[in-house]
Structures are given as structure tokens and as C-alpha cells.
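We count ligands from 1, going down the list as the structure has it; atoms in each ligand are counted the same way. The residues of the chain are indexed from 1 along the displayed sequence. From a predicted model like this one, the values you see are computed outputs, not experimental measurements.
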Amino acid sequence: MAFLSDTLARVKPSPTVAVTQLAAELKAQGRDVIGLGAGEPDFDTPDNIKAAAIAAIHAGKTKYTAPDGIIELKQAICDKFARENGLSYAPAQISVSTGGKQVLYNAFMATLNPGDEVVIPAPYWVSYPDIVKLGQGTPVIIDGQPKLGYKITADQVAAAITPKTKWFLFNSPSNPTGAGYSRAELKAITDVLMKHPDVWVMTDDMYEHLAYDGFEFCTPAQVEPALYDRTLTVNGVSKAYAMTGWRIGYAGGPVDLITAMRKIQSQSTTNPCSISQWAAVEALNGPQDYLAPRAEVFKRRRDLVCERLNAIPGIACPVPEGAFYVYPSIAGLLGKTSPGGALIADDAAFAKALLEEAGVAVVFGAAFGLSPNFRISYATSDAALEEACKRIATFCTGLA
Ligand SMILES: Cc1ncc(COP(=O)(O)O)c(C=O)c1O
């Protein structure tokens, strides 16, 4: 009898975590490495949020909580959905988990049966297909189009849906491309979904507050209210409030689904950290005035990186609407050889040679299901980005 499960064989470890670890190891060995792999803001958690957590500790709010969140946080989330998204949820329709990742995990675990299909636009956040596979489901990938900044079209969604489709998974602004869907683009997709009443919609709105140039963020149940009864609207405090380590994500959805997700959570982590929940109450109810200036900093960095990368022959980098990622294509560099003798056969070879020969850590596109590209996270200092772009330019122009 095999010791490890068949399920384990279906999934792979997170490649973004692997790149971050490798860059850290090289740095520890004394190598000069600029890490552009990590998917988290370089800003600190705001002081009012930290103070709320410290107050929670002093007040003894350090015990188990209700499995899917304290009522104060659920109410704060309901208020957020009403205020920012025009969505009306009651606390019984809210689930709070240990990060957005656990929300997605719970939802898929609670709903997927072997053979159920989940339509996922690529390039996708690395964890989507693997969480689906952990839930015994089958990811069905549709490829974003380079000329659309790697967005997918409504026709592609229509073509991907089969009688086995259980979920359509949507993410805007996107990790890894930063692409954000306009209301009209999203409406075209929700129109298709309206023709398929058995397909549920999972929308991952994690990067809602990181949008630039006046981009209007919208979410499926807002654009098509008739989808409300079969939509799980997922969000969290990790990216917007620079709280990745606090591990709080949440979702609003139909009561039966939320109840099923609670059952999964009650048999795994029991509840998200009590102290982090009180911090998240403050994040959502407290002042929001630092969000816009922080987004302005990200926009400036996006512009810097896109400008520098697009000046490099062989690289084409769409200018995305949000998040803190860009997803340049290296189609123009394939088949070349690096000064160190590495053949750039694909984006994995490119990223490896770039790290080893130029000291810049990026994540190769194949990890996100669409090649030949790489992802840069520009959530780091302007100086580091300037230097990284210089190194990338030198490396690319040195390819022969
Ligand atoms: C698109 C997307 N969804 C969800 C998550 C998970 O967020 P959390 O840290 O809250 O689990 C991430 C984190 O990188 C992400 O990029």
C-alpha cells in the first residue's frame, strides 16, 4: 500500500513560494539578488490595525471563535460589500477564513465531486488548478489573449462550458497579469453565464483596491444582479491592507454554500486567528485614506517597469489596470543563448538564467499556465526596480 495519497500526486508545490525561497537562499550565500517574485505589498500594516490587534490581546480576545468568524467582523464585511460593491449580504451569508486561499479551498472542497469541471482563465494564480485538483475536480483552462492584455473573451467562456462545469473562476485585477476587466467586458461574460443556470461563479476580488488610471473595479454579482444567488464573492485584507501574514480572507454567498464551507473549516483550522479577526474589523471599519496614496505609489512603479521593459528588444509588456504585477512576453527572445551558455528554450530557462547570471528573481510564465512570459511583482522599492530593469535589459541585449 502506498504511503502517500493519490491526491498528493495530482498537485505541485507553489512555484512562487519556490522562487522566493531560492532567491532568499542565494542572498544568504552572499549573492547579490533582487527578488521580484513575492506576491505581497512592501508596505507595513497600518498602525491603527496593529493597535486593534494589541487591544484585542489585552482584552483577552484570545480564545476560539465561531468557526467562520466573529459577528463583529461579519458585520464589517457586510458593510464593506454594501459600501464598496453595492452588494447586500447578511452575516449568515459571510464566511471568514485563514486567508483568501482557505476561502477558495473550503468552497471547492465543499462543492466538487470527481469529474466536476472548473473553468479557469490563464494565466491564473498558481494555486487555482491545484486547489481544484485537491478537491478532485478538473481544471479547464482558457488562454488569455496577448492582444487583450491576457484577458479572455465571453466567446471563450461560452466554448469552455460543458454539462460538467460547476464553477467559472474569475479574477480581476489579475494575478499574474494585473489585467482588470471593464464593466462592459465583464458584462459580456456574465451574459454568457446567464445562459448556463447550473454554472456557479467564484470571483476572486483580492486586488480590488489596487487599480490605476481611474479603472472602475466591478464584481460579477454587481454587474449582473441575477447571478447573485450562484456567486461566491471572495475578497480579503491581505493585499489591500498589507496584511498577508495576518491570514484573513472572506466571502459572501448563498447561505447553503456558506454553511457547507463552515463545515469544512470546522474540521480543519476551526477558526481564523481571533486576534487577526479583530485587526480585520479595524481594517474594514477604520480609516481608508491610505489606500489611494499607496495605489498611487504602485501606479508609478508599474509605469516605471513597463516603460523600461518595453524598451528592451524582444520583450513586450502590456500596461495592466491593477494589482502589482506585470506579465511581459519573451517570445522575441526564444532560441537565443545567454552569455553564460544557457539556451533560452522556454520561459523557465529564461528565469533560471536571469537569476543565475543577472541576479534577478522572477517567476516563469509556465507556472501560471501561459507562456512564454514571466511575472514581475513590482511591490518593491523604486531603486530596486530601476536596478532590476537595468539588469534585465543588459541580460536580454547580451543574448545571442
Ligand atoms: C489572486 C489571489 N487570490 C488569492 C490570494 C490569497 O490571498 P491570501 O494571502 O489572503 O490567502 C492571492 C495571494 O497571492 C492571490 O494573488
Quiz item: Tyr150 vs Tyr327 aromatic rings, parallel, tilted or perpendicular, using cut-offs 30° and 60°?
Solution: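 Rings of Tyr150 and Tyr327: perpendicular, as their planes differ by over 60°.
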
Quiz item: Going by distance only, is there an N or O of Gly39 that falls short of 3.5 Å from an N or O of ligand 1?
Solution: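 No, since none of the N or O atoms of Gly39 sits under 3.5 Å from an N or O of ligand 1.
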
Exercise. Give yes if a backbone or side-chain nitrogen or oxygen of Tyr128 is under 3.5 Å from a nitrogen or oxygen of ligand 1, and no if not.
Key: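 So ligand 1 has no N or O lying under 3.5 Å from an N or O of Tyr128.
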
Please state which part of [X] comes within less than 4.0 Å of ligand 1, counting heavy atoms only: side chain, backbone, both or neither.
X      : value
Lys101 : both
Val234 : neither
Gln102 : neither
Trp246 : neither
Arg247 : side chain

Self-check item: Under 3.5 Å side-chain donor-acceptor pair for Thr394 and Arg391
Solution: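 There is no such pair (donor and acceptor under 3.5 Å, judged by atom type) between the side chains of Thr394 and Arg391.
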
Quiz item: What residue and atom, counting heavy atoms only, is the protein's closest point to atom 3 (N) of ligand 1, and at what distance?
Solution: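 The answer is Asp204 OD2, 2.5 Å.
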
Self-check item: Atom indices of ligand 1 within 4.0 angstrom of Ser238 heavy atoms, with elements
Solution: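 Counting from 1, the qualifying ligand atoms are 8 (P), 9 (O), 10 (O).
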
Quiz prompt | Test: Asp191 and Lys187 ion pair at under 4.0 Å | solution =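 Lys187 and Asp191: salt-bridged.
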
